[in-house]
2 protein chains.
Amino acid sequence: MANRRASLTDLAKALNLSASTISRALSDHEDVSEATKARVRQLADELNYQPNQLAAALRRGRSNTLGVLVPHITGHFFPQVVHGIATEASKAGFNVMICQSNEDVKQERKNIDLLMNAQVEGILVSLANTTKDFSHFEAVRKQNLPLVFFDRVVEDFGGSNVSAVVLDDYQGAYQVVAHLIEQGCTRIAHFTGPLHLNIHKNRHQGYLDALQAHGIPVDERLTALCPMNQQGGQQAMEKLLKLPQPPDAIFSSNDLAAVGAMQTVKAHGLRVPHDMAIAGFSNEVFTTLTEPMLTSVDQHCEQMGKTAVRLLQKMLKSPAENHETPPPIILKPDLLVRESSMRKQAPVA
Amino acid sequence: MANRRASLTDLAKALNLSASTISRALSDHEDVSEATKARVRQLADELNYQPNQLAAALRRGRSNTLGVLVPHITGHFFPQVVHGIATEASKAGFNVMICQSNEDVKQERKNIDLLMNAQVEGILVSLANTTKDFSHFEAVRKQNLPLVFFDRVVEDFGGSNVSAVVLDDYQGAYQVVAHLIEQGCTRIAHFTGPLHLNIHKNRHQGYLDALQAHGIPVDERLTALCPMNQQGGQQAMEKLLKLPQPPDAIFSSNDLAAVGAMQTVKAHGLRVPHDMAIAGFSNEVFTTLTEPMLTSVDQHCEQMGKTAVRLLQKMLKSPAENHETPPPIILKPDLLVRESSMRKQAPVA
DNA sequence: TTGAAAGCGCTAACAG
DNA sequence: CTGTTAGCGCTTTCAA
């Protein structure tokens, strides 16, 4: 049971060579004779030699690891983004260390520390939805450690090695609402999450602006701040249906709440999209499984992850110190019109 | 722009102390005076000192990191399990390094190497569905590195520091089929993925045994090996409907294919569950969003992740060397009966 | 083409 | 209570 791992020095002794030569041979350094390389490689194979990255990283001052901090790895969006990140990082030869804040600032703080201690070469973060104070990112900035926010970002967080990748939430929301208006809807309600988060703020603004641009008055009673899940959608819908003038369309800032609304609407014997057009946001898997299928906005999650990693790498490569902040990258959303909002073309009973 | 990180030695110099004292002070070692601790902590704070885990890990010979290798971080199951793993690992003070095999043995091999090089203290793996040769795990075993397979496991992979966490797929499948039979179904079809994977093999066996136990003859034409997605389910269903004696129930080894089947059935003007009862496997989010809602089997994904980590920790703690292989842990599935299979109680038109 | 020496930043005997 | 010493395993000058 050979428990201890073979080390460079072990190989060196066995072959009567120095550690340096072994090291060079294994990294295929040019000025080591082919003969020696062959011997080294063979023995390394036999002994199942595994280079100790920790030691190499310490020596080189480069860990080859990226840190990722997300609110959680559940649902549709984050796993998808993480998948993109992991894929792109691996392509670039980086390992990925993943932490979850569980939507809790304290854990976010702790994990940022953790990642820095782990000597990651860059950090990718999506904020917890309770984070309103950003001091914990100051340490990252001071270290000049490349930092990329994605999706849930700190706006106006300047600095030489900080940037962001976001979806154009405003644009996405605007498109949805404009589409609903085109379909003849005039009382469009909006389900939204907490407005201090950029994503919700921007989606809400897109909603408001689209209404105004089309000369539709904004009715505050039609904006429902609710938990963005199935139940939240159901309850919000119930309330709206009791209004003297109920809405004729719902734009929900996420799909789950939209489905909740859809269920409630149907339970009341109303038809979607006839009596109530419904649109969500995120293009979750189940949007094509509901009846009618749910109109939504695709966020290109995986793309976002990949883009974030590429942005990070760009910073890593550039002269580092005092260069300009790379401008944030804004991904374009895709409106996917499905049955739940199609009143004109192919209304589904 | 303080770019270089402060090190222990820096603190030591600044305070006229030795590195060891600083180290002890920071780890709250008992025999350092409170006064000194206070001074050290204060300076550490001021300088924003971040202990270098790499160095500590190298010195200690313990990286405090767990390696995770999954086929991919998409869909419902794996993100959920990874979430469980990350949560439990974090609770135990471990970092988590995540890799994806993309269902490709070559990447699986490479990533196992990667994780070993990163000096992880244990590895959690779910196999790529193309993996039929397991030699790459020999290196792990030789190193006596704790290894826990989950969900997609190598059966009969003995060794002192290897174990597994799986769902009782057989049991789950058996329950589903027994339930369908109780509902009066007699020609039950099965959608399955590749049978060399333990999960599919076991689910299929559960299907077969449940039929036999209830005296229902097995008709091979009713077993459909198909891609386990929406389209695969649709196509398989189309074929089955063309049979001289089409089935009156579908048990699909995953939910997506089940939904595909459901759509096809409805498109043919048939009613679920009346004309065709349908049940899936995995209890994905969307099972409560379809109409009718889909009967499925819950796999306790998050629980699986947590259990796997706990099992790993157990190995880590135990005398290590020659102790017995911990027996695999078999999680009990939960059958969740919903409308799509309820013919008797509350048939939904 | 190879080796010797130094050191990355930390911890852990051991010694005072 | 604090310091000295040594070394984890590797890379990288510099010298031969």
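Quick note on labels: first sequence line is chain A, next is B, and so on, each numbered from 1.
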Quick one, B:N144 and B:S160 - any side-chain contact, counting heavy atoms below 4.5 Å? yes
The criterion is side-chain hydrogen bond (donor to acceptor under 3.5 Å, both in side chains); which residues satisfy it with A:N117, sequence neighbours excluded? B:Q50
Over how many whole Å does the gap from [X] atom [atom1] to [N] atom [atom2] extend?
X	N	atom1	atom2	answer
B:N52	C:dG9	CG	P	7 Å
B:K13	C:dG9	NZ	C1'	12 Å
A:L8	C:dG7	CG	P	20 Å
A:E34	C:dT2	CD	P	11 Å
B:R5	C:dC10	CZ	C1'	15 Å
B:I22	C:dC10	CD1	P	10 Å
B:D31	C:dG16	CG	C1'	13 Å
A:L58	C:dC10	CG	P	9 Å

How far apart are the closest heavy atoms of B:L8 and B:A19, and which atoms are they? CD1-O, 4.0 Å
Which heavy atom in B:A139 sits nearest to a heavy atom in B:M116, and how many Å separate them? O-CE, 3.6 Å
Strictly by modelled atom types, are A:R24 and A:T36 linked by a side-chain donor-acceptor pair under 3.5 Å? no
[X] and side chain to side chain contact (heavy atoms under 4.5 Å, CB included): which partner among [options]?
X	options	answer
B:V153	B:V125, B:V165, B:V162, B:N198	B:N198
B:E121	B:T65, B:N64, B:L312, B:N95	B:N64
A:V120	A:L115, A:V140, A:L66, A:V68	A:L115

Residues within residues 113-120 of chain A bordering DNA chain C, heavy-atom distance below 4.0 Å: none
Counting just side-chain N and O atoms, does B:Y49 come under 4.0 Å of either OP1 or OP2 of C:dC10? yes
Distance test, side-chain N/O of B:S7 to OP1/OP2 of C:dC8, below 4.0 Å: no
Distance col, row B:Q100:CD vs B:S126:OG, nearest 0.5 angstrom, shows 12.5 Å
Nearest-nucleotide wise, let me know which of B:S33 and A:L54 is further upstream toward the 5' end of DNA chain D. B:S33
Should the pair A:K142-A:E138 be classified as a salt bridge under the 4.0 Å nitrogen-to-oxygen rule?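 Looking at A:E138 together with A:K142, the answer is no, because their closest N to O distance does not fall below 4.0 Å.
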Indicate yes or no: does B:E103 engage B:R152 in a salt bridge with an N to O separation below 4.0 Å.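 Result for this pair is yes, salt bridge flagged.
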Evaluate salt bridge (charged side-chain N to carboxylate O under 4.0 Å, His left out) for A:R109 paired with A:D133, printing each intermediate quantity in order. CA-CA 10 Å; A:R109 278 182 123 64; A:D133 161 70; 3.5 Å; yes
Sugar-phosphate only, base, or nothing, as touched by B:S27 at under 4.0 Å among non-hydrogen atoms: nothing
Any protein N or O atoms within reach of nucleotides 3-5 of chain C? Criterion: under 3.5 Å, listing atom names and distances.
residue : atom : partner : partner atom : Å
C:dG3   : OP2  : A:S18   : N            : 2.8
C:dG3   : OP2  : A:S18   : OG           : 3.2
C:dG3   : OP2  : A:T21   : OG1          : 2.7
C:dG3   : N7   : A:R24   : NH2          : 2.7
C:dG3   : O6   : A:R24   : NH1          : 3.0
C:dG3   : O6   : A:R24   : NH2          : 3.3
C:dA4   : N6   : A:S20   : OG           : 3.1

With sequence neighbours left out, which residue pairs that include part of residues 25-74 of chain A fulfil the ring-ring contact (aromatic ring centres under 6.0 Å, His included) condition? A:H72-A:F78
When you look at A:E30 and A:K37, which way does the salt bridge (charged side-chain N to carboxylate O under 4.0 Å, His left out) test go after all the steps? CA-CA 10 Å; A:E30 53 174 11; A:K37 280 187 191 168; over 6 Å; no
What's the angle between the local helix axes at either end of the helix from C:dT1-D:dA16 to C:dG16-D:dC1, using five pairs per end and rounding to 10 degrees? 40°
Quick check for you: name the first and last nucleotides of DNA chain D, 5' to 3', having an atom under 4.0 Å from a heavy atom of chain A. D:dG9 to D:dT13
